[in-house]
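Notes follow the structure.
Heavy atoms only: backbone and side chains are in, while hydrogens, waters and symmetry mates are out. Note that the coordinates shown come from a computational prediction; the quantities given were computed from them, not determined experimentally.
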Amino acid sequence: MAVDGQDDTQRPAGSGHERVLLSPPDVGPLEESYLLRALRSGWVAPVGPEIDAFEREVAERVGTAHAVALASGTAALHLALMAVDVRPGDAVIVPTLTFVATANAVVYTGAEPVFVDCEPESGNLDPELLDRALRELRRAGRRVAAVLPVDMFGSCADYGRIQPICAAAGVPVVEDAAEALGATLDGRPAGSFGRAGILSFNGNKIITTSGGGMLVSDDGALVDRCRYLSTQARQPVPHYEHTDTGYNYRLSNLLAAVGRAQLRRLDSMMARRRAHRSRYAELFAPTAGVRLLGAGDPAANCWLTSIVVDPEATGWQAAELAAHLAAADIETRPVWKPMHLQPVFAGARTLLTGTAERLFATGLTLPSGSGMSRQQLDRVCARIDDFLRRSPRGTDHDLPEVRRAHDTESVGAAVFTS
Ligand SMILES: Cc1ncc(COP(=O)(O)O)c(C=O)c1O
């Protein structure tokens, strides 16, 4: 975090300071021209032709029949959960390794997020544990109203296994593809796997509208319902008439114009992030004990690249590399802190193996932005390289508490807490 409390990842790139950021917005002349055109058209509102076109273009890219542009990915999650009939008191299964918005959206509906652990290679929801959680919740007499897999850092969750499990249990999937626009799984685009999917266009995402999101689905009635709820649930009569509690969740026409320009550049921005990831893969390849999170996924959008460090093998820890890079004004960040460790979710029901905790303790996210210049990436790699050269291999470093706690924990012996 910066001193003023702003999130560094959201600062403009190339704004005069030398700091290399994790994933700043990558906008330029194309976005400027689209924005100006929208402004000059007079459609300065949460309705207008840019929104209609942006919805059509995103739906086409994701391969769904419909889309509704919204103020944020969080708003899209909230509406999607309501639209699949999540009600107060229901349980909703959420991977514990995610950004807080996934779990918060469940809380907004009055339902209870149940946190399930992830797979070590990808950090995505563990299908076997999901199956077990569904069975155990059923046995406990709970109504499980939705499963909310997250496409972690732009890599699709294992829908080949998740979908049949959810179908057999009769539970709808809502896909949190906030980080995954452009990724695919077996040729099918991220966002298209659930009853509904959601995308985020927050400032740090693969494409941005500065702030914004979208709900995508093949289900026309579901999308109509979300559109209605997103516009204060206004009835189609001349005066203001309301029979439901609605929300002010629509995206502005100006921001939709920015999104359209970004969407045109999505493939080239994805290619740049992929090239950064390849460079990091080469750099760390000779170092035993370092792997890239989700390295086995050739169709990820490479939104963020994270390494996972085994300190027993490397003789150093992720946090030490982070400190070395911070001293060189290079931003890094730990992998998500699991939801079940967040004070706001203390006491939540969980099904855990310790994998998410280990990824939090040993993972480090590296600068990944598509706007990162060759010189900046060279600088990051040079600083990593001098850290690796100076690091004694296999020395007995003091491990922080969280690591020690998990060294003794057996993996796979998940315990369902209630
Ligand atoms: C996994 C995940 N879900 C949901 C969100 C929420 O999106 P937004 O910031 O657009 O509300 C984000 C990112 O911000 C995210 O990373």
Side-chain angles (χ1 to χ4, degrees), residues 77 80-98 100 102-152 155-177 185-186 188 192-198 219 222 336 338-342 345-360 406 409-418:
L77 279 169
L81 291 174
M82 285 193 293
V84 300
D85 196 27
V86 173
R87 298 180 225 143
D90 287 342
V92 174
I93 294 180
V94 175
T96 192
L97 195 65
T98 186
V100 71
T102 319
N104 279 346
V106 176
V107 176
Y108 300 162
T109 66
E112 177 199 351
V114 176
F115 298 118
V116 172
D117 223 317
C118 61
E119 297 187 301
E121 288 310 312
S122 61
N124 276 325
L125 181 65
D126 182 329
E128 236 172 76
L129 285 184
L130 164 66
D131 190 32
R132 202 175 128 196
L134 283 167
R135 287 172 201 277
E136 296 199 20
L137 285 164
R138 278 280 170 81
R139 207 171 299 132
R142 294 297 304 274
R143 178 177 185 262
V144 184
V147 173
L148 195 35
V150 174
D151 300 332
M152 173 83 178
S155 230
C156 286
D158 188 352
Y159 294 104
R161 289 160 73 204
I162 290 172
Q163 281 181 320
I165 290 168
C166 292
V171 177
V173 171
V174 172
E175 180 186 357
D176 184 343
L185 175 70
D186 299 329
R188 196 169 151 181
S192 69
F193 289 96
R195 267 283 294 288
I198 76 94
D219 184 335
L222 181 149
W336 302 127
M339 289 303 108
H340 69 274
L341 296 180
Q342 301 288 353
F345 293 118
R349 205 178 292 252
T350 60
L351 186 58
L352 305 173
T353 56
T355 303
E357 291 190 20
R358 261 186 299 281
L359 289 175
F360 172 54
H406 301 299
E409 205 176 87
S410 64
V411 184
V415 177
F416 201 74
T417 64
S418 53

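Here the straight-line distance linking atom CG of Leu134 with atom CZ of Arg139 works out to 11.5 Å at 0.5 Å rounding. Distance CG/Leu130 to SG/Cys118: 13.0 Å, rounded to 0.5 Å. In this structure, CG in Leu97 is found 12.0 Å from CG in Asp126, a value given to the nearest 0.5 Å. The distance from atom OG1 of Thr350 to atom CZ of Phe345, rounded to the nearest 0.5 Å, is 13.0 Å. Taking CD of Gln342 as the reference point, atom NE2 of His340 lies at 9.5 Å (rounded to 0.5 Å). In this structure, CG on Leu351 lies 5.0 Å from CZ on Arg132, to the nearest 0.5 angstrom.
Remark: Pro127 pairs with Glu119, Asp158, Arg161, Ile162, Ile165 by the side chain to side chain contact (heavy atoms under 4.5 Å, CB included) rule, at least two apart or across chains. The side chain to side chain contact (heavy atoms under 4.5 Å, CB included) test applied to Arg143 returns Asp85, Arg87, Asp90, Ala145, not counting sequence neighbours. Applying the side chain to side chain contact (heavy atoms under 4.5 Å, CB included) criterion to Asp219, with sequence neighbours excluded, gives Arg195, Ser217, Ala221, Leu222. Ser155 is linked by a side chain to side chain contact (heavy atoms under 4.5 Å, CB included) to Asn124, Asp297, Ala300, counting only residues two or more places apart in sequence or in another chain.
Between Ala80 and Ala196, the shortest heavy-atom contact is CB-CB, 4.3 Å. Among all heavy-atom pairs drawn from Thr353 and Arg358, the shortest one is O-NH2, 3.5 Å. Shortest non-hydrogen contact noted between Pro172 and Gly170 is CD-O, 4.0 Å. The minimum heavy-atom distance linking Leu359 with Gly123 is given by the pair CD1-CA, 3.9 Å.
Counting heavy atoms from C-beta on, the side chains of Met152 and Trp336 come closer than 4.5 Å. Using a 4.5 Å heavy-atom threshold, the side chains of Tyr159 and Glu175 count as touching. Proximity of Val106 to Val86: side-chain heavy atoms (C-beta onward) are nowhere separated by under 4.5 Å. Counting heavy atoms from C-beta on, the side chains of Leu185 and Asp151 never come closer than 4.5 Å. Between Leu137 and Ile93, the closest side-chain pair of non-hydrogen atoms falls below 4.5 Å.
Distance alone, capped at 3.5 Å, places no donor-acceptor pair between the Thr96 side chain and the Asp117 backbone.
Among the candidates Val171, Val114, Val92, the single residue satisfying the side chain to side chain contact (heavy atoms under 4.5 Å, CB included) test with Val144 is Val171.
The ring pair (Phe, Tyr, Trp, His ring centres under 6.0 Å) pairs that include a residue from residues 118-138 number zero, where partners must be two or more places apart or lie in different chains. Listed by first and then second residue, the salt bridge (Lys or Arg N to Asp or Glu O under 4.0 Å) pairs involving residues 105-115 are Glu112-Arg142, Glu112-Arg349 (not counting sequence neighbours).
Within 6.0 Å of the CD atom in Glu128, the count of heavy atoms belonging to other residues, nucleotides or ligands does not exceed 12.
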